[in-house]
Amino acid sequence: MDIRPLTGGLGAEIIGADIRDPTQFGDIRAAFSKHSVIVVRDQQISPDDHLEFARRFGPINVNRFFKPVDGYPEIAMVLKEKDQKEAVGEGWHTDHSYDQEPAMGSILHAIEMPPYGGDTLFVSMGAAYDALSEPLRQFLHGLTAIHSSRHVFGTTAQDSEAAQSGRLNNAENATQDAHHPVVISHPLSGRRGLFVNPVFTTHIEGLSKAESDAILNMLFEHCKQPEFQCRVRWRAGDITMWDNRATWHKAINDYHGFRRLMHRVTVDGSAISSH
Ligand code: SIN
């Protein structure tokens, strides 16, 4: 297989691989550990192949809120119909950061793509951390942030088109409020990275609302710099896997009038810490 970095920030494209082949798994996992985002091109796979590949990384984490694929409760449907306006995942976020043990990674399979657009952007939270000044890093170390599912998937968020159209459900189960260090050490590599995101992080503990909003907004603007990003331009059949402990992502909603359908499988993670 040919592994080509996407940018200097993160991400790699893998050509000539087959995720169904167990003998290729070691190389694919090594690329994932190194690049945090991998795009495995041109996979002719079934939902069962998708699940089997995910299980090689660990147990499946079943998403509580996304409508599942018919007959596959472990596969979440990420769908925008041609007459819908809102895409799921449009804001910069880290999947499941509202869980006390955030999911390790997500594996998205492109089933039906629009003729143009519908790309996904990723940010390296390690690169964003590395670019901070030493005094600011010192200030952030030891701080804890709260992440919640309530304002995104809960009963107060039911006027969104995604909820109204049935793409999201189980609002009554959106009761997660997790505490995580603002700076974490990656559980596998030990690399330091920021662990706050615009969609799910509500505030930093111990700061006033004004202080917390100012610090979070400053960090969010800092992280959005193009130098820390890569962009995945999908083709139907591609599989992209990302590391939730090391990245943010954002679905670009620029294909109005066309359908886009992805299948997403998420893999369990572990508690994260600053050590
Ligand atoms: C997601 O946020 O999991 C979906 C990303 C995408 O649809 O590109």
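The first residue of the sequence shown is numbered 1, and numbering continues consecutively from there. No hydrogens, no waters, no symmetry mates; every other heavy atom, side chains included, goes into these values. Note that ligands are numbered from 1 as they come in the structure, with each ligand's atoms numbered from 1 the same way.
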Trainee: Under a 4.0 Å N-O cut-off, is there an ion pair linking D99 with R64?
Mentor: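 Looking at R64 together with D99, the answer is yes, because their closest N to O distance falls below 4.0 Å.
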Trainee: Under 4.0 Å between a side-chain nitrogen and a carboxylate oxygen: does that hold for R4 and D2?
Mentor: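 Result for this pair is yes, salt bridge flagged.
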Trainee: I'd like the contact residues of ligand 1, where contact means a heavy atom below 4.0 Å.
Mentor: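 Residues near ligand 1: V78, G89, H93, D95, L108, T120, W242, H249, A251, R260, R264.
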Trainee: State whether the number of non-hydrogen atoms from other residues, nucleotides or ligands found under 6.0 Å of K67 atom NZ is greater than 12.
Mentor: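 Atom NZ in K67 is not packed in, count stays at 12 or less.
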Trainee: Looking at residues at least two apart in the chain, or sitting in another chain, which of them share a salt bridge (charged side-chain N to carboxylate O under 4.0 Å, His left out) with D130?
Mentor: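 By the salt bridge (charged side-chain N to carboxylate O under 4.0 Å, His left out) rule, D130 matches R191.
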Trainee: Starting from the C-alpha separation in whole Å, work towards a yes-or-no answer on side-chain contact (heavy atoms from CB on, under 4.5 Å) for D95 and H249.
Mentor: CA-CA 9 Å; D95 294 338; H249 61 280; 3.1 Å; yes
Trainee: Is it the case that the side chains of N63 and H96 hold a donor-acceptor pair, with the cut-off being a distance below 3.5 Å and no angle test?
Mentor: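 Yes.
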